[in-house]
Amino acid sequence: MTSWIKSFLGKRLLKTGLAVFITALICQWLEWPVVFAVIAAIVTVEPTIHASIQKGKVRLPAAAIGAAIAMSFDFFFGQVPITFALSAFFTIYICHRLRWDDAILVATLTAIAMIPMTTEKFLMAFFIRIATTSIGIVVSTLVNLIVWPPNFTNEIKESSHNLVNETRDLIEVCLDYQLQNNQIRKKILNIRFERLHKGIERAMVTIQSQREDFRYRKKNITNAKMLNDLQLQVDLLHKISFHIGDILSISEQEVIPEEDKVILQKVWSHIKELFKQTVTYHETETNVRSMLYPLIYDHQDEEALLSKSTSIAFELLAICHLVIDFQTKHNKEALNN
C-alpha cells in the first residue's frame, strides 16, 4: 500500500504535505501565525538532503532581511502601495547582491505577507515571523532527512548501464561512418553525441548529489564502494566521449585503404569485448597495439600531419588504454575490499 502511494503521488509531494502539516500543527500549538512557516516549509523540501540544508542556511537570514525591510517601511509609510513595492524591491535587490538567489522567493513572500498582518508591536511581530520561518525550514529539512530520504543509487546504476551501451554503440556507428562512408547523416551522429554527453553530465551531477547526501547518514561501506565504482565508470565514459568527438571531427572526404579498414575493424572488435569484460585485458592490449602501431608509425601521409587511418588508430588506442586503466583500478579496489 505504501509503495503504491509513493509511486502514484511521488515522494517529494508526500514529504511536502507532511512537512506542512507538522509545521502548521506546531505553530497552532504555539498560537503563532501559520502562513510564514508553511511558505518556508513548502519551498525547503529539495530533491536532496544536502540542498535542503544548504539552502535552508541561506533562506533563514534572507527571510529575516525581508521581514526587517517590510517592518521598516510599514513603520514609516503605513500599509500603502509604496510600502509593498519598496519592500519587494529592496528584499530582492539585497538577496541578489548577497547571491542568495535561492532565498529570494521566501524572503519576498515573507516581506509582503507581513505588511497586512502587522498592525502594532513591530519588533515582536518581527521575531515571531523569524521563529515561524525557522520552524518551517527545520521541519522540512528533518522530514527530508528522515522520511524516505533521497536515494539515487538505482537511478545511477541504470543510467550508467545505459550510458555504457550508448557509448559502445556510438563508437561503432561513428567508425562505420568514417570507414564505410555510409549514408548516415553526420547531423544525426552529432545529435546522438550531444545526447550522450548530456547524459554523462547528468549522471555525474546525480552521483555528486548522492555522495553529498551520504554525509548525513550512517556510514555504509557497501554503498560508498558501489558509488565509487559508478563514479569511476562514468568518469571513464566522460573521457571516452572526447575521443568519440575526435572521431566524428575527422574529415570524411579522405578514402581509407581497404587493408586499413580491416585492421581498424578488427581492433574495434577487440575493444568491444573489453567493454563486455569477456576477455583478459593484457592479451587484448597486446593484440591492439600490434595491429595499431604499424598504422601509427608507418602509415603517415606525407602531405598531412596525420592520415585518416592514423588519426582513427590514435583514437582507438586511447579508448583501449582508458578501458584497460578502468578495469585495472576496478580490480585493485576489489582486491583491497
Side-chain angles (χ1 to χ4, degrees), residues 11-81 83-150 216:
K11 294 180 183 179
R12 191 176 176 187
L13 177 59
L14 290 170
K15 289 194 288 187
T16 302
L18 179 60
V20 168
F21 173 74
I22 295 173
T23 299
L25 203 63
I26 294 173
C27 289
Q28 283 192 342
W29 179 66
L30 294 171
E31 297 183 352
W32 286 350
V34 176
V35 61
F36 301 99
V38 166
I39 291 172
I42 291 172
V43 300
T44 304
V45 179
E46 296 287 342
T48 67
I49 299 168
H50 181 74
S52 291
I53 293 173
Q54 295 303 313
K55 292 181 181 180
K57 291 178 181 178
V58 175
R59 284 170 178 153
L60 183 55
I65 289 173
I69 291 172
M71 289 297 91
S72 299
F73 285 118
D74 191 6
F75 178 77
F76 287 110
F77 302 116
Q79 296 180 14
V80 293
T83 299
F84 290 91
L86 291 175
S87 297
F89 175 82
F90 281 103
T91 300
I92 295 171
Y93 176 76
I94 291 173
C95 287
H96 181 66
R97 294 291 294 177
L98 294 172
R99 298 184 180 179
W100 292 351
D101 294 335
D102 291 324
I104 286 177
L105 179 61
V106 174
T108 308
L109 289 176
T110 300
I112 296 303
M114 281 192 71
I115 297 170
M117 297 179 65
T118 306
T119 56
E120 57 183 7
K121 297 181 180 179
F122 292 98
L123 186 61
M124 180 61 69
F126 169 77
F127 285 114
I128 290 176
R129 300 307 183 262
I130 298 306
T132 54
T133 302
S134 301
I135 290 171
I137 292 173
V138 171
V139 169
S140 285
T141 302
L142 289 176
V143 166
N144 206 21
L145 179 63
I146 298 170
V147 181
W148 299 317
Y216 304 100

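All values below were derived from every heavy atom in this structure, side-chain atoms included, with hydrogens, water molecules and symmetry-related copies excluded. No experiment lies behind these values; they were computed from the predicted model shown.
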For the student: nearest non-hydrogen atoms of [X] and [Y], plus distance:
| X | Y | answer |
| --- | --- | --- |
| T83 | G78 | OG1-O, 2.5 Å |
| I65 | W100 | CD1-CZ3, 3.5 Å |
| I130 | A64 | CD1-CA, 3.1 Å |
| K15 | V147 | CD-O, 2.9 Å |
| A63 | T110 | O-CG2, 4.0 Å |
| A37 | C27 | CB-SG, 3.4 Å |

Quiz prompt | T23 (side chain) donor-acceptor with A19 (main chain) under 3.5 angstrom | solution =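 Here the side-chain-to-backbone pair exists.
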
Practice problem: Return yes if some donor-acceptor pair links the side-chain N/O of T141 with the main-chain N/O of I53 below 3.5 Å, else return no. | Solution: no

Say you draw a straight line from [atom1] of [X] to [atom2] of [Y]; how long is it, rounded to the nearest 0.5 Å?
| X | Y | atom1 | atom2 | value |
| --- | --- | --- | --- | --- |
| F89 | T108 | CZ | OG1 | 12.0 Å |
| L145 | S140 | CG | OG | 12.5 Å |
| E31 | I128 | CD | CD1 | 10.5 Å |
| T132 | W32 | OG1 | CH2 | 7.5 Å |
| R59 | L105 | CZ | CG | 8.0 Å |

Quiz prompt | Trace of the side chain to side chain contact (heavy atoms under 4.5 Å, CB included) decision for I94 with I69 | solution = CA-CA 10 Å; I94 291 173; I69 291 172; 3.6 Å; yes

Quiz item: Does the side chain to side chain contact (heavy atoms under 4.5 Å, CB included) test come out yes or no for L30 and I135, once each step is laid out?
Solution: CA-CA 11 Å; L30 294 171; I135 290 171; 3.9 Å; yes

Quiz prompt | Partner set under ring pair (Phe, Tyr, Trp, His ring centres under 6.0 Å) for F84, not counting sequence neighbours | solution = none

